[in-house]
Number of protein chains: 2
Amino acid sequence: MAIPRAARTQRRTRIQEEKEEIILEAALDVFSVSGFRGSTIDQIAEVAGMSKPNLLYYFRTKEAMHRALIDRVLFTWLEPLRAFDANGDPESEIRSYIRRKLEMARDFPRESRLFANEMLQGAPHVEDELRGPLKALVDEKAEVIRTWARNGKIAKCDPYHLIFSIWSTTQHYADFDVQVRAVLGPEHSGEGRFEDAARYLEQLFVDGLRIRHS
Amino acid sequence: MAIPRAARTQRRTRIQEEKEEIILEAALDVFSVSGFRGSTIDQIAEVAGMSKPNLLYYFRTKEAMHRALIDRVLFTWLEPLRAFDANGDPESEIRSYIRRKLEMARDFPRESRLFANEMLQGAPHVEDELRGPLKALVDEKAEVIRTWARNGKIAKCDPYHLIFSIWSTTQHYADFDVQVRAVLGPEHSGEGRFEDAARYLEQLFVDGLRIRHS
DNA sequence: GGATAATTTGACCGATTGGTAAACATTACA
DNA sequence: TGTAATGTTTACCAATCGGTCAAATTATCC
């Protein structure tokens, strides 16, 4: 008889690694659109191209799949903020942070939407991570920004709301993609869309945060 | 025998008005958190304090409830943008648009989340409205902004992305409320939160869009 | 090649889903 | 006050939900 995956202690099989990858990929497709409650195991199984019991052989519950997915996304999602360098030039650090976040919205829109879905539902599965590691990281970087402002390198501003505004403006292009596309129309829905956004956002934030000598 | 509501042609009863209001209120509670697929009629019925068949007497399907809700929200949601005055002072128009949007995020977070949920799912129920009335309104206001920029009243910028950035930054405080709360911590989660946000955003946008003489 | 472990499947379970039918209760109005 | 229209409830339906089980199949390793 097969031993349930979670109870196993030995190393993972080649098949396990492959199948789990396929499943998480399919789960990302489904969860990112319909959220946790709105998604069904059958949907995911169909996208993954395997039977439902087979899926449940690798992840014993729907929650286990969702958790595995969230854990993975949460880590990579914060990488741009981790790369935010206290010793770099303020203006170029902010500029490249915006660019990195925008690239993630372009290259990983499903991950962005998965996270957004979780937030909309009140973060029932990740509230601890928000209050713990996330808050700690943001606190650290906010202090960096605050120091820059104190030293006159950028305009005085609330560092937390600055971070929020970078998050929201960049992720908007992933989460509200339909709306952006509908408003811009077919003529501006190509790849150049992200270049336009990057140019605009860099102007907004860099000019908005530059010290005024007037 | 009772005639299904949708087939009726006569004017609405007092009871109808009251009950439909109660139902939509409950539906907003539920849909805004769990999205369309993730919400159940039973949940809504429980929140509304009435039996499921009674609910279905007023709205014959789950979709009908959702549609009624979306239609109502969509209209009021665009009011701040409609109020955007082409003849006003650019700086104060942008300033008060931000403030109005932020007030809506504070006072109607459920409406914001309902809309966000719909966007995340690819706007299956409102794509026509986005491409039609919404695009038309945005096009009109974008032209106003473009004229301001051409006449040197504000910095040159892409008016569409400007509007997107105001939408995203303000709605963020409703849609990602959990995250904002978690990051700011209990000490900054009071009412002053929105004042801080307003101050920061006005600074960001006004300075970011002001003409530079350097 | 055979034994053993890992994987896959079809049949199935109880609970929940969106929605219906019809009996029953209440209201509005002449 | 009677009665017809409106409103509410109980009982129920087929479909789908998350998940289990045992049998069948495949991969692994000596």
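Throughout, a chain's letter reflects where its sequence line sits, starting with A, and its residues are numbered from 1.
Looking at the side chain of Leu56(A), the nearest of the listed nucleotides dT7(C), dG19(D), dG18(C) is dG19(D). With dC17(D), dG18(C), dG7(D) as the choices, the nucleotide that has an atom nearest any side-chain atom of Lys62(B) turns out to be dG18(C). Looking at the side chain of Ile41(B), the nearest of the listed nucleotides dT20(D), dG18(C), dG18(D) is dG18(C).
OP1 or OP2 of dT9(D) lies within a sub-4.0 Å distance of a side-chain N or O belonging to Asn54(B). One finds a side-chain N or O of Gln16(A) lying less than 4.0 angstrom from the OP1 or OP2 phosphate oxygen of dT7(C). At dG7(D), one or more side-chain N or O atoms of Tyr57(B) fall inside 4.0 Å of OP1 or OP2 (strictly under the cut-off). Between Lys19(B) and the phosphate of dT8(D), there is a side-chain N or O to OP1/OP2 separation shorter than 4.0 Å.
Between Phe84(A) and Trp148(A), a ring centre-to-centre spacing shorter than 6.0 Å is recorded.
Rounded to whole Å, atom P of dA28(C) lies 10 Å from atom CD of Glu18(B). Atom CG of Asp42(A) is separated from atom P of dT16(C) by 17 Å (rounded to the nearest Å). In this structure, Tyr58(A) places its OH atom 13 Å from C1' of dT9(C), rounding to the nearest Å. The distance between atom CD of Gln43(B) and atom P of dT17(C), rounded to the nearest whole Å, is 7 Å. Here dG7(D) presents its P atom at 11 Å from CD of Glu17(B), a figure rounded to the nearest Å. Protein atom CZ of Arg37(A) is 13 Å distant from nucleotide atom C1' of dG18(C), rounded to whole Å. Rounded to whole Å, atom C1' of dG18(C) lies 17 Å from atom CD of Glu46(B). Taking atom CD1 on Ile23(A) and atom P on dG18(D), their separation rounds to 15 Å, with Å as the unit.
Using a distance-only test at 3.5 Å, with no hydrogens or angles considered, no donor-acceptor pair links the side chain of Gln121(A) to the main chain of Glu118(A). Remark: the backbone N or O of Phe31(B) is not paired with any side-chain donor or acceptor of Ser34(B) at under 3.5 angstrom. Panel note: side chain Lys101(A), backbone Thr169(A); no donor-acceptor pair is recorded below 3.5 Å. When atom types are taken as modelled, the side chain of Asn117(A) and the backbone of Ser32(A) share a donor-acceptor pair closer than 3.5 angstrom. Between the Ser96(B) side chain and the Glu93(B) main chain, a donor and an acceptor come within less than 3.5 Å of each other. Here the side chain of Arg113(B) pairs a donor or acceptor atom with the backbone of Ala174(B) at under 3.5 angstrom.
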Using the 3.5 Å cut-off, write out each protein N or O paired with an N or O of nucleotides 10-12 of chain C and the distance between them.
none

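No side-chain N or O of Asp196(A) forms a donor-acceptor pair with one of Tyr160(B) less than 3.5 Å apart.
A cation-pi contact links Arg82(A) to Phe75(A), judged by a cut-off of 6.0 Å to the six-membered ring centre and 45° from its axis.
Across residues 28-36 of chain B, not one residue has a non-hydrogen atom less than 4.0 Å from an atom of DNA chain D.
Surrounding CD of Glu129(B) are more than 12 heavy atoms belonging to other residues, nucleotides or ligands, all under 6.0 Å away.
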